[in-house]
Amino acid sequence: MVKYSVLKQGNHGLPSWDGLLGPVMVTAISKPRWDRRELIAAVVASIDLPDVLLKKKLSDEHTGTIIDDRVSWAMSELTIAGLLNRPSRAVYEVTKLGEKLTAEHHIKLSTDIVREQFSYKTHIRELEQRRKSHSPVALDDDLTTNVDELEQIRSQIIDYNNRIATELLERIRGAEPVFFEHLVADLLTKMGYQGQDGSTIVTPPSNDGGIDGIINQDPLGTSTVYLQAKRYQASNIVQRPAIDTFFGALSRVHADRGVFITTSSFSKSAKETAKGFSIVLIDGVQLSDLMLRYHVGVQIRYHDELLKIDEDYFE
């Protein structure tokens, strides 16, 4: 047990979320697998908080305690960096990298160390890529007096959704390949590729012939889209041979269109080859952005309306 007062402190007299990185890893490494709530409770118990701090909330309306929120945030950062893994929903386990860094730094594990990891740097690059893809919002002339306020609101929403998209991508990378194939099929169906009376098929893993999914866009199957889905970690970049193999599979079924989707990215030669073969490529960032746009694997947390005065009503 470590005394909470020796950890990096935040406000409310409690350890900051980054001060809890070490305690989370030291606790998590003590057994192979944890339920999320169980791990949070064990970390909180390990820092010997007095009751008055243990029960602190941001407000009466806030359902969870501050310390639980901070432990949860630390767990999220550690997962992004690859020190923790989520093999299934609300389940955590320590990775080999997590074991190594915990042994080296113990309770003194810091944000500098966590954010130096390849997975975390990839996460930051993906966030920047997402930010660049969002163009400024077009505002009505009668809203120009509130441009700064509206842009601030929009910026906060974009930043929040970008973080959700990045976490979503990490979840997918930790899922089973078959789950990913079904996810890809669900996404393209939501995007309208199935058509009104078409069908979507996920091929059996043992006999897919290099094709993971088939979308018939009409009842007779006269217009068909073939899918290849590769669930890779960020470091496993799809190279040209994978595109060649997919094109070979398309040729065997006399297909004229294919979509190759991965949770990582594509090399320059892979992109050039795909263009020559008329294969559409979707990388991890595009995939998670599309999932947010078409509400696959996510739910709308909050919905509101931006209102303006109806001038016609007052004339």
I'd like to know if the side chain of [X] and the backbone of [Y] have a donor-acceptor N/O pair within less than 3.5 Å.
{"X": "Glu77", "Y": "Trp73", "result": "no"}
{"X": "Ser288", "Y": "Gly284", "result": "yes"}
{"X": "Gln228", "Y": "Gly210", "result": "yes"}
{"X": "Asp212", "Y": "Ala229", "result": "yes"}
{"X": "Ser72", "Y": "Asp69", "result": "no"}

With sequence neighbours excluded, tell me which residues meet side-chain hydrogen bond (donor to acceptor under 3.5 Å, both in side chains) with [X].
{"X": "Tyr232", "value": "none"}
{"X": "Glu38", "value": "Lys31"}
{"X": "Lys190", "value": "none"}
{"X": "Thr263", "value": "none"}

Under 4.5 Å between side-chain heavy atoms, hopping through other hydrophobics if needed: is there a path connecting [X] to [Y]?
{"X": "Val202", "Y": "Leu250", "result": "no"}
{"X": "Val6", "Y": "Val44", "result": "yes"}
{"X": "Val298", "Y": "Met191", "result": "yes"}
{"X": "Val91", "Y": "Leu83", "result": "no"}
{"X": "Leu227", "Y": "Phe179", "result": "yes"}

Is any side-chain heavy atom of [Y] closer than 4.5 Å to one of [X]?
{"X": "Ile279", "Y": "Phe246", "result": "yes"}
{"X": "Val114", "Y": "Leu101", "result": "no"}
{"X": "Val24", "Y": "Val71", "result": "yes"}
{"X": "Leu281", "Y": "Ile243", "result": "yes"}
{"X": "Val285", "Y": "Asp289", "result": "yes"}
{"X": "Thr122", "Y": "Arg125", "result": "yes"}
{"X": "Tyr92", "Y": "Arg36", "result": "yes"}
{"X": "Leu78", "Y": "Met25", "result": "yes"}

Minimum heavy-atom separation for [X] and [Y], please, with both atom names.
{"X": "Pro23", "Y": "Ile47", "value": "CB-CG2, 4.2 Å"}
{"X": "Leu49", "Y": "Pro15", "value": "CD2-CD, 4.4 Å"}
{"X": "Ser199", "Y": "Gln194", "value": "N-CG, 3.6 Å"}
{"X": "Phe180", "Y": "Ile261", "value": "CE2-O, 4.0 Å"}
{"X": "Arg163", "Y": "Ser76", "value": "NH2-OG, 3.6 Å"}
{"X": "Val296", "Y": "Leu168", "value": "O-CD2, 4.4 Å"}

*asked:* Please check if the number of heavy atoms outside Phe118 that lie under 6.0 Å from its CZ is greater than 12.
replied: yes

_Using the rule given for side-chain contact (heavy atoms from CB on, under 4.5 Å), can you reason through Ile282 versus Val184, listing the C-alpha separation, both sets of side-chain angles and the distance that settles it, and then say yes or no?_
CA-CA 11 Å; Ile282 298 176; Val184 165; over 6 Å; no

Ring pair (Phe, Tyr, Trp, His ring centres under 6.0 Å) partners for [X], two or more places apart:
{"X": "Phe247", "result": "Phe277"}
{"X": "Phe266", "result": "Phe260"}
{"X": "Tyr120", "result": "His123"}

*asked:* If the condition is side-chain contact (heavy atoms from CB on, under 4.5 Å), which residues does Ser267 pass it with, not counting sequence neighbours?
replied: Ile237, Gln239, Ser269, Ala270

_Determine whether Ile214 and Thr203 satisfy the following criterion, side-chain contact (heavy atoms from CB on, under 4.5 Å), listing intermediate values before the conclusion._
CA-CA 7 Å; Ile214 303 169; Thr203 55; 4.0 Å; yes

Within this structure, what is the [atom1]-[atom2] distance for the pair [X] and [Y], rounded to the nearest 0.5 Å?
{"X": "Arg171", "Y": "Glu167", "atom1": "CZ", "atom2": "CD", "result": "5.0 Å"}
{"X": "Leu14", "Y": "Ile66", "atom1": "CG", "atom2": "CD1", "result": "6.0 Å"}
{"X": "Asp35", "Y": "Leu39", "atom1": "CG", "atom2": "CG", "result": "9.0 Å"}
{"X": "Leu84", "Y": "Leu97", "atom1": "CG", "atom2": "CG", "result": "10.0 Å"}
{"X": "Leu287", "Y": "Leu187", "atom1": "CG", "atom2": "CG", "result": "6.5 Å"}
{"X": "Ser223", "Y": "Tyr193", "atom1": "OG", "atom2": "OH", "result": "11.0 Å"}

*Evaluate the criterion side-chain hydrogen bond (donor to acceptor under 3.5 Å, both in side chains) for residue pair Arg257 and Thr224; output intermediate values, then yes/no.*
CA-CA 8 Å; Arg257 66 191 73 185; Thr224 305; over 6 Å; no

*Given Lys56 and Ile67, is the side-chain contact (heavy atoms from CB on, under 4.5 Å) satisfied, shown in steps?*
CA-CA 8 Å; Lys56 265 197 173 182; Ile67 191 62; over 6 Å; no

*Side chains of Glu126 and Thr166: donor-acceptor distance under 3.5 Å anywhere?*
no

*Say whether Ser264 and Arg173, considering side chains only, have a donor N or O and an acceptor N or O under 3.5 Å apart.*
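There is no such pair (donor and acceptor under 3.5 Å, judged by atom type) between the side chains of Ser264 and Arg173.
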
*Selection residues 261-284 - residue pairs positive for salt bridge (charged side-chain N to carboxylate O under 4.0 Å, His left out), sequence neighbours left out*: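 The answer is none; no pair qualifies.
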
*Would you list the pairs meeting salt bridge (charged side-chain N to carboxylate O under 4.0 Å, His left out) in which at least one residue belongs to residues 225-249, sequence neighbours left out?*
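Sorted result for residues 225-249: Arg240-Asp244.
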
*Sequence neighbours left out, what pairs pass side chain to side chain donor-acceptor pair (under 3.5 Å) with at least one residue falling in residues 101-111?*
Lys100-Glu104

*What side chain to side chain donor-acceptor pair (under 3.5 Å) pairs are there with at least one residue in residues 5-23, not counting sequence neighbours?*
Lys8-Asp18, Asn11-Arg70, Ser16-Asp18

*Salt bridge between Glu170 and Arg86, side-chain N to carboxylate O under 4.0 Å?*
no

*asked:* Would Ile215 and Tyr226 count as a side-chain contact (heavy atoms from CB on, under 4.5 Å) here? Give the steps.
replied: CA-CA 6 Å; Ile215 297 180; Tyr226 293 89; over 6 Å; no

